[in-house]
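Structure first, commentary second.
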Amino acid sequence: MWGAATSSYQIEGDNVNSDWWEWEQAGKTKDISGEACDYWHRYASDHDLLEELGVGLFRCSIEWSRVEPRDGEFSDEAIGHYRQIFQDLKRRNIKTQVTLWWWTSPIWFQKKYGWHNKKSPEIFARYAEKMTQELGDLIDIFTTFNEPMVPLGQGFLGGIYPPGFKNPYKFWRAVNNVVAAHREAYKIIHKIKPGAPVGITYLYNWYESEGFGLLLNTINRLAQWYRIDFLGNKIKGFQDYAGVNYYRLGKIKFSWNNFKLDSANQTYFGFTIEEDRDNVMKWISYPEGLYKVLKQASAKFQVPIYITENGGPTRSGLEDNDRIEYIRQHLSFVHQAISEGVPVRGYNFWSLMDNLEWLYGYEPKFGLIEMDYETLERHPRKSFYEYAKICQNNAVEIDVKN
Ligand code: BGC
């Protein structure tokens, strides 16, 4: 299945009951989300573009703080609005892959409970149950949590995402509670909608180490364990598919000049990641890594795989030849993995349109569609038309270099 991905907080706008909104107002991010792409009101014309693209799958999410603005009080209006959004996709024959928690929580949840609180799995399960009852008929594939280790690490150890703790004990509790919440939601969704696949996504970049031999290798393994295996082992038997979000190469190295803790720049007491200075987020593109990740993930998890995100940040412009190359090269490695038996069921490009890149704000552009943030006009980029050909032909032509 060919698809495109977005997330609610990054595109909807005006999510005033969310902890990220509060975080932005407190000046802890580069930009404030404000009305973002105003997808909340403009979803129908965005779906026109999705249709023009020719995707069969749309990966999106529900904003918990919108549908449950107060503890235990659900908003019929917001739920009804999501129904309209999902119905509009269905009318166009586009399947929905919906994430329940994409890094943001309602302010009341953060104040009264938080993931470190033992009641949090129960509170999340109540929300998951309600969403499955009210919207489950319009959801084809469920994702409970998007890359939970990222916001948990940054929010409970690094202190740079809400709730802003730097507390290993709270972190430990939060991870275990998110695991419990996932398992509970998994059971609930299966009970209400048997047959719908339920999973989680992992930030699954390819990491290697450079220099320092054994020590760096060990650090690399530990980092991999932290990102993937730790969570994967805990939810074994509770994932019908594995969601792989692949972006880049992380080459871990050591430098005495970086002997500090700066998790925003991925620097941990000298251990850091090599950067591509020309890239807006310093990310190193490494298409072959997707092949390596797919092989590894399928051997590890033994379940079908969805590439739930793949993409790269650029600065701007409609002539985005880099993005086209990025897509083509990555897909050639997906093809290689499939031909070697890896059960890849879907590919979602990140992202349909430019959006709020969390702490980095609106500067990095990830979209097939360029967003004019002054007028909110949408301008499909060259990559949009190229990806459309791939989706519609169900094929990509690649020059094989010898
Ligand atoms: C996240 C997205 C984010 C993207 C690009 C992913 O890890 O799921 O929310 O925008 O990466 O950084």
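One-based numbering, in listed order, for ligands and for the atoms of each. For the numbers below, each heavy atom of this structure counts, side chains included, while hydrogens, waters and symmetry mates do not. Since we're looking at a predicted model, the values are computed, not measured.
- Proximity of a side-chain donor or acceptor of N17 to a complementary backbone N or O of P106 within less than 3.5 Å is not detected.
- Figure legend: R227 and Y207 shown as a cation-pi pair, the cationic atom lying under 6.0 angstrom from the six-membered ring centre and within 45 degrees of its axis.
- The backbone N or O of L249 sits nowhere less than 3.5 Å from a side-chain atom of N205 that would complete a donor-acceptor pair.
- Remark: the backbone N or O of G317 is paired with a side-chain donor or acceptor of R381 at under 3.5 angstrom.
- Contact annotation: W283 has at least one heavy atom less than 4.0 Å from an atom of ligand 1.
- The Y247 neighbourhood of ligand 1 comprises atoms 4 (C), 5 (C), 6 (C), 11 (O), with distances under 4.0 Å to a heavy atom of that residue.
- Neither the backbone nor the side chain of V150 has any atom closer than 4.0 Å to an atom of ligand 1 (non-hydrogen atoms only).
- Considering each of Q10, R59, M281, E147, the one bringing a non-hydrogen atom nearest atom 7 (O) of ligand 1 is E147.
- A donor-acceptor pair is defined here as one N or O able to donate and one able to accept, closer than 3.5 Å; no such pair exists between the side chain of N245 and the backbone of Y204.
- Residue Y360 places no heavy atom under 4.0 Å from ligand 1.
- Within the set E309, R248, E357, the minimum heavy-atom distance to atom 1 (C) of ligand 1 is found for E309.
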